[in-house]
Trainee: 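Below: one structure in structure tokens.
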Amino acid sequence: MEKSPEILDSLGDWRRSHNCGELDKNHVGERVLLAGWVLRRRDHGGLIFVDLRDRWGITQVVFNPDRDPQPHRKAEDIRSEYVIAVRGEVMERPAGMVNPDLSTGEIEIFVDEMKLLNTSLTPPFPIDEREGKDTAESVRLKYRYLDLRRETLRENMVLRSRVSQFAREFLCREGFLEIETPFLTKSTPEGARDFLVPSRIQPGSMYALPQSPQLFKQLLMVAGFDRYFQVVHCFRDEDLRADRQPEFTQIDAEMSFTDEDGILQIMERMISGIFHCALGVEIPTPFPRLTYSEAIDRFGLDRPDTRFGMELVDLSDVLARTEARVFTETVRNGGIIKALTLKGGGVLSRKDLDDLTGFVGIYGAKGLAWFKSNPNGWQSPLAKFIGEEERGEVSRRASFGEGDLLLVVAGVPSMVNESLGQLRVHLGEKFGLIPEGRLDFLWIVEFPLFEFDKQEGRFSSLHHPFTSPMDEDLPLLETDPGRVRARAYDMVLNGSEIGGGSIRIHREDIQARVFELLKIGEEEAREKFGFLLDALKYGAPPHGGIAFGLDRILMILAGTDSIRDVIAFPKTQKASCLLTGAPGPVEGSQLLELGLRLRRA
RNA sequence: GGGGUCGUAGUUAAGUCGGUUAUAACGCCGGCCUGUCACGCCGGAGGCCGCGGGUUCGAGUCCCGUCGACCCCGCCA
């Protein structure tokens with residue numbers, strides 16, 4: 001359908017007097033100039049109402065043919081998302097016509113003059129989020145600039161700006177310096193896969209995008225800056241999840257001449273301040289601290305959700321005394337048996353229990369033993385193998401009573417803890433055990449320094465290889481590395497890890513011992529971290545730091561389950577950008593310059 | 001690398017046991033309408049049923065493959 005070409009007006013000397021979210025009764029009678037996008041037009045033949053929208057809000061503007069037929073005629077042609085500017089008078093709305101849903105709902109603008117600044121195609125999805133079910137995310141990602149016009153994402157971006165601004169102000173006030181570190185840097189072994197950037201000037205050589213500014217911030221401590229921070233992009237070429245993007249943002253900080261307490265105290269004040277600034281809530285400090293081993297014992301995970309109970313109970317010794325072979329065998333082979341009690345879970349159906357079995361199966365559990373406690377005794381495929389004495393002991397320890405459901409997993413400790421820990425969270429969500437609006441912050445401390453990597457047949461760092469062992473565990477480095485505890489800490493909120501850090505090794509001799517233990521040979525260490533080892537020789541101060549996942553913090557603040565909702569231009573699970581089409585092919589000449597030739601996949 | 005869910009007008013969905021011309025709502029276009037605010041009323045247009053192959057007299061529907069989005073495991077110091 002042919003439409004005569006719109007005649008667009010130029011902005012000329014028109015400048016806004018106000019934004020679309022700020023006018024109220026106090027402005028009645030003023031002449032104002034507003035500009036924005038047409039959210040919605042309601043044409044009554046005579047009167048035309050337009051909801052004019054900008055970043056700050058919505059203001060109703062009225063075109064009345066009796067007042068002036070000329071702008072009214074222009075208003076007949078405007079459509080959704082056209083860009084207009086209007087000049088007119090702020091009028092108090094007639095009695096009964098106030099719109100309580102709008103901050104500007106007490107007033108409206110009677111338009112005397114209008115400029116059409118731009119037209120718009122019909123958007124592929126409504127910008128007004130009140131309309132119907134939400135659009136497929138792939139469509140929204142393709143037209144991200146339109147999705148960002150909508151209230152939810154817009155508010156998330158406003159929140160993001162406020163939070164990072166607060167962090168900057170807070171840290172500057174505390175004497176931290178904001179110092180930028182390179183994005184084109186050196187590939188680090190250990191840790192995540194690097195994104196690589198080929199060098200043109202040195203064909204065959206590669207830069208890597210930083211997984212974090214870790215080494216640079218330590219060098220800044222050696223340089224004597226004392227307190228550093230950065231709100232910084234980090235890159236990891238690993239598979240994505242609902243809370244993981246290949247590029248993400250950290251609030252990264254490092255401090256000299258301090259210890260765990262010094263860092264934790266200042267950082268919990270910052271986080272508390274962020275939540276106050278964003279949600280207006282008071283978060284009491286200090287945050288509770290839990291050791292890693294206690295967290296695993298009680299919750300199965302190193303990021304426990306402490307908003308609800310249902311803690312895990314170790315039943316290895318009791319159940320090893322029963323006739324049930326699954327249990328006796330497990331314990332004989334060095335495994336453990338743990339359980340949790342779902343209060344009132346006796347009502348679950350066979351299918352429910354099968355589903356839960358399937359759930360723990362994801363984490364490698366061979367099975368999920370269940371017991372129901374009925375008035376006439378225990379009900380379970382395994383009930384006949386459990387004697388009276390053991391039943392009493394289990395009931396007591398697991399607070400397992402009539403009407404309850406006891407869920408038991410047996411096997412190697414890491415699997416048992418992981419699967420039951422995840423099951424606990426799953427059940428907590430499924431049965432509404434998690435109190436709404438609660439914010440449970442805590443620190444997890446005393447992580448193990450190493451974990452044994454079966455594939456590689458050697459120890460590897462749980463945190464990173466620059467993490468300091470606890471002083472009292474230093475002798476264990478050579479005798480029992482698996483038991484060495486690290487001066488590392490994570491901040492956990494409602495079951496997600498939102499930050500983590502450590503006191504670093506500042507002595508070259510200890511750093512060398514750790515590298516040796518990680519089977520990073522002297523030559524390799526020199527080649528890969530030589531600059532750090534050198535730096536440690538020139539008066540490196542004791543130092544440590546932390547990094548917070550800004551995106552994850554924002555997810556919680558914004559109340560969303562998807563990291564994509566707090567990032568302006570996110571990527572899909574296959575790491576592509578549906579807006580730009582990245583990643584994409586490049587010209588052969590570009591490859592040639594880099595000395596690269598692509599191999600057929 | 002593996003497991004799962006989903007792909008039907010612009011959008012959100014329905015589509016029975018495989019059977020005639022693939023429905024609806026919103027949006028869009030046209031008309032009417034001077035107090036609406038997710039305005040209302042009347043009319044209309046709009047489809048490569050993700051893509052490719054197969055089974056069948058006949059496929060949106062069944063089978064195989066493939067592409068894409070999402071969730072999870074592995075991975076993410």
Side-chain angles (χ1 to χ4, degrees), chain A residues 1-3 39-52 58-67 72 79-81 91 93-102 104-105 108 110 121-143 146 188-194 211-212 214 234-246 248 358-364 418-419 422 426 447-451 453 455 459-467 486 488 497 500-502 514 518 547 549 561-562 564 571-574 576 578:
Chain A
M1 64 222 69
E2 284 298 307
K3 201 157 51 169
L39 180 66
R40 208 173 266 286
R41 185 184 68 119
R42 291 176 294 279
D43 187 343
H44 287 242
L47 286 178
I48 295 174
F49 298 94
V50 167
D51 292 335
L52 192 64
I58 295 168
T59 300
Q60 173 164 283
V61 301
V62 187
F63 297 83
N64 187 336
D66 299 338
R67 186 180 173 100
H72 180 267
R79 294 292 181 266
S80 289
E81 299 309 305
M91 306 286 272
R93 291 202 190 186
M97 301 295 165
V98 168
N99 184 345
D101 297 334
L102 295 183
T104 61
E108 57 197 356
F110 273 47
L121 294 176
T122 302
F125 51 84
I127 305 303
D128 190 338
E129 286 177 293
R130 290 170 301 184
E131 274 198 37
K133 291 224 188 86
D134 210 355
T135 304
E137 197 175 5
S138 52
V139 178
R140 289 165 44 210
L141 286 171
K142 181 175 175 189
Y143 300 95
L146 297 181
T188 47
E190 305 264 324
R193 195 176 291 116
D194 287 316
Q211 297 172 28
S212 80
Q214 182 59 37
C234 303
F235 306 86
R236 292 176 192 178
D237 189 6
E238 297 291 348
D239 287 344
L240 276 47
R241 286 286 191 285
D243 61 353
R244 257 197 253 158
Q245 283 271 301
F248 59 98
F359 181 86
V360 293
I362 297 173
Y363 304 97
E418 167 89 359
S419 57
Q422 297 283 5
H426 177 71
F447 279 82
L449 187 60
F450 307 112
E451 59 186 344
D453 186 330
Q455 276 183 344
F459 283 99
S460 67
S461 298
L462 197 70
H463 187 51
H464 57 53
F466 320 108
T467 302
E497 183 209 322
S502 63
V514 168
L518 294 171
D561 290 328
S562 169
R564 296 179 298 280
K571 293 183 174 53
T572 68
Q573 191 159 59
K574 284 199 165 170
S576 53
L578 298 182

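Within every chain, numbering begins at 1; the chains are lettered A, B, ... in the order of the sequence lines, protein sequences first and strands thereafter.
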Trainee: What interatomic distance, in whole Å, is found between P of B/rG7 and the corresponding atom of B/rG60?
Mentor: 16 Å

Trainee: Within the distance-only criterion (no hydrogens, no angle test), does the side chain of A/Arg244 pair as donor or acceptor with the backbone N or O of A/Asp239 below 3.5 angstrom?
Mentor: yes

Trainee: For B/rU56 versus B/rG3, give the span between their C1' atoms, rounded off to a whole number of Å.
Mentor: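 Those two atoms are separated by 33 Å.
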
Trainee: State which residues pass ring pair (Phe, Tyr, Trp, His ring centres under 6.0 Å) with A/His464; sequence neighbours excluded, sorted by chain then number.
Mentor: A/Phe466

Trainee: Of the candidate nucleotides B/rG35, B/rU11, B/rC75, which contains the atom at the shortest distance from the side chain of A/Thr135?
Mentor: B/rU11

Trainee: Please write out the pairs of protein N or O atoms and N or O atoms of nucleotides 38-42 of chain B separated by less than 3.5 Å, giving the distance to one decimal.
Mentor:
from, atom 1, to, atom 2, distance (Å)
B/rA38, OP2, A/Arg130, NH1, 3.3
B/rA38, O5', A/Arg130, NH1, 3.4
B/rA38, O3', A/Arg40, NH1, 3.0
B/rA38, N1, A/Arg130, O, 3.3
B/rC39, OP1, A/Arg40, NH1, 2.9
B/rC39, OP2, A/Arg40, NE, 3.3
B/rC39, OP2, A/Arg42, NH1, 2.9
B/rC39, N4, A/Asp43, O, 2.5

Trainee: Go through the structure and list residues passing side chain to side chain contact (heavy atoms under 4.5 Å, CB included) with A/Ala136, not counting sequence neighbours.
Mentor: A/Ser138, A/Val139

Trainee: Could you check whether A/Ser460 gets within reach of a base, just the sugar-phosphate, or nothing at all, counting any heavy atom under 4.0 Å?
Mentor: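 Nothing, no heavy atom under 4.0 Å.
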
Trainee: Can you tell me, in whole Å, how much space there is between the P of B/rG18 and that of B/rU12?
Mentor: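 It comes out at 27 Å once rounded to the nearest Å.
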
Trainee: Whole angstroms only, please: what is the CG-C1' distance between A/Leu240 and B/rG1?
Mentor: 16 Å

Trainee: Go through the structure and list residues passing salt bridge (Lys or Arg N to Asp or Glu O under 4.0 Å) with A/Asp243, not counting sequence neighbours.
Mentor: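 Counting only residues at least two positions away or on another chain, A/Asp243 forms a salt bridge (Lys or Arg N to Asp or Glu O under 4.0 Å) with A/Arg552.
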
Trainee: Let me know the distance between CZ of A/Phe63 and P of B/rC37, rounded to the nearest Å.
Mentor: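 Result: 18 Å.
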
Trainee: When all nucleic acid strands are considered with a 4.0 Å heavy-atom cut-off, which category describes A/Tyr363: base, sugar-phosphate, or nothing?
Mentor: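 Since only primed, P, OP1 and OP2 atoms lie under 4.0 Å of A/Tyr363, the category is sugar-phosphate.
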
Trainee: Between A/Thr572 and A/Glu137, is any pair of side-chain heavy atoms under 4.5 Å apart?
Mentor: no

Trainee: Between P on B/rG27 and CG on A/Leu146, what's the gap in Å once rounded to a whole number?
Mentor: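 Result: 18 Å.
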
Trainee: Report the distance from atom CZ of A/Phe110 to atom P of B/rU34, rounded to the nearest whole Å.
Mentor: 15 Å

Trainee: For the side chain of A/Met97, counting heavy atoms from C-beta on, which of B/rC70, B/rU34, B/rG35 is nearest?
Mentor: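 It is B/rG35.
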
Trainee: Using the C1' atoms only, state how far B/rU55 lies from B/rC64, rounded to an integer number of Å.
Mentor: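 To the nearest whole Å, 11 Å.
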
Trainee: So, is A/Lys133 close to the B/rU11 phosphate, meaning a side-chain N or O under 4.0 Å from OP1 or OP2?
Mentor: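 Answer is no, no contact under 4.0 Å.
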
Trainee: If you compare every side-chain N and O of A/Ser138 against the phosphate oxygens of B/rG68 (OP1, OP2), does one of them come in below 4.0 Å?
Mentor: no

Trainee: A/Lys571 has an atom NZ; how far is it from atom P of B/rG68, in whole Å?
Mentor: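 That distance rounds to 17 Å.
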
Trainee: What residues, two or more places apart in sequence or in another chain, satisfy ring pair (Phe, Tyr, Trp, His ring centres under 6.0 Å) together with A/Phe359?
Mentor: A/Tyr363, A/His426

Trainee: Any donor-acceptor pair under 3.5 Å joining the side chain of A/Arg241 to the base of B/rG74?
Mentor: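 Looking at the base of B/rG74, it does pair with a donor or acceptor on the side chain of A/Arg241 (distance under 3.5 Å).
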
Trainee: First locate atom OG1 of A/Thr135, then atom OH of A/Tyr143, and finally report the distance between them rounded to the nearest 0.5 Å.
Mentor: 11.5 Å

Trainee: Taking B/rC6 as the reference, what is the distance to B/rU16 when you measure between their P atoms (whole Å, please)?
Mentor: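 About 15 Å, rounded to a whole number of Å.
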
Trainee: With hydrogens left out and only the distance checked, is there a donor-acceptor pair under 3.5 Å joining A/Arg236's side chain and the base of B/rC76?
Mentor: no

Trainee: For the P atoms, the ones on B/rG52 and on B/rC71, what distance do you get once it is rounded to whole angstrom?
Mentor: 28 Å

Trainee: Nearest-nucleotide wise, let me know which of A/Thr122 and A/Ala242 is further upstream toward the 5' end of RNA chain B.
Mentor: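 By nearest-heavy-atom nucleotide position, the 5'-most residue is A/Thr122.
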
Trainee: Tell me, please, which residues at least two apart from A/Pro246 pass side chain to side chain contact (heavy atoms under 4.5 Å, CB included).
Mentor: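 A/Pro246 satisfies side chain to side chain contact (heavy atoms under 4.5 Å, CB included) with A/Phe195, A/Leu240, A/Lys571, A/Ala575 only.
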
Trainee: Within the structure shown, what part of the strands sits under 4.0 Å from A/Asp66 by heavy-atom distance: base, sugar-phosphate, or nothing?
Mentor: base

Trainee: Tell me if the side-chain of A/Glu108 makes a donor-acceptor pair with the base of B/rG35, cut-off 3.5 Å, by modelled atom types.
Mentor: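 Check passes, donor-acceptor contact within cut-off.
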
Trainee: Select from A/Arg193 and A/Leu47 the residue whose nearest nucleotide in RNA chain B is closer to the 5' end of that strand.
Mentor: A/Leu47

Trainee: B/rA69 phosphate, OP1 or OP2: any side-chain N/O from A/Ser576 under 4.0 angstrom?
Mentor: yes

Trainee: Please report the distance, rounded to the nearest Å, between CE in A/Met91 and P in B/rG35.
Mentor: 16 Å

Trainee: Without swapping roles, check the side chain of A/His72 against the backbone of A/Arg67 for a donor-acceptor pair under 3.5 Å.
Mentor: no

Trainee: Against A/Asp51, only a single residue in A/Arg41, A/Arg42, A/Arg130 fulfils salt bridge (Lys or Arg N to Asp or Glu O under 4.0 Å); can you say which?
Mentor: A/Arg42

Trainee: What integer number of Å spans the C1' atoms of B/rG46 and B/rA25?
Mentor: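 The answer is 15 Å between these two C1' atoms.
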
Trainee: Among B/rC75, B/rU12, B/rU34, find the nucleotide with the atom closest to the side chain of A/Asp239.
Mentor: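 Nearest to the side chain of A/Asp239 among the choices is B/rC75.
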
Trainee: What distance, rounded to whole Å, do you find between the two C1' atoms, one in B/rC70 and one in B/rG44?
Mentor: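 The answer is 37 Å between these two C1' atoms.
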
Trainee: Could you check which nucleotide pairs with B/rG74 in any of the strands shown, counting Watson-Crick or G-U wobble with both distances under 3.5 Å?
Mentor: none

Trainee: Can you tell me the base-pairing partner of B/rC41? Count Watson-Crick or G-U wobble geometry only, both distances below 3.5 Å, and say none if there is no partner.
Mentor: B/rG31

Trainee: CG of A/Asp134 versus C1' of B/rU11: gap in Å, rounded?
Mentor: 10 Å

Trainee: Sequence neighbours excluded, which residues qualify as side chain to side chain contact (heavy atoms under 4.5 Å, CB included) partners of A/Thr104?
Mentor: A/Thr59, A/Leu102, A/Ile107

Trainee: Just the table, please: protein N/O against nucleotides 3-10 of chain B N/O, every pair under 3.5 Å.
Mentor:
from, atom 1, to, atom 2, distance (Å)
B/rG10, O2', A/Pro124, O, 3.0

Trainee: Give none if B/rC6 has no partner; otherwise give the nucleotide forming a Watson-Crick or G-U wobble pair with it, both distances under 3.5 Å.
Mentor: B/rG68

Trainee: For the pair A/Glu81 (side chain) and A/Thr122 (backbone), establish whether a donor and an acceptor sit closer than 3.5 Å, ignoring hydrogens and angles.
Mentor: no

Trainee: Calculate the interatomic distance between A/Leu39 atom CG and B/rG27 atom P; express it in whole Å.
Mentor: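 Going from CG in A/Leu39 over to P in B/rG27 covers 12 Å.
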
Trainee: What is the pairing partner of B/rA24, taking Watson-Crick or G-U wobble pairs with both distances under 3.5 Å in any strand?
Mentor: B/rU12

Trainee: For A/Phe49, what residues pass the ring pair (Phe, Tyr, Trp, His ring centres under 6.0 Å) criterion, not counting sequence neighbours?
Mentor: A/His44

Trainee: Has the side chain of A/Arg564 got a donor or acceptor that lies under 3.5 Å from a partner of the other kind on the base of B/rC70?
Mentor: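 Answer is no: no donor-acceptor pair is held.
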
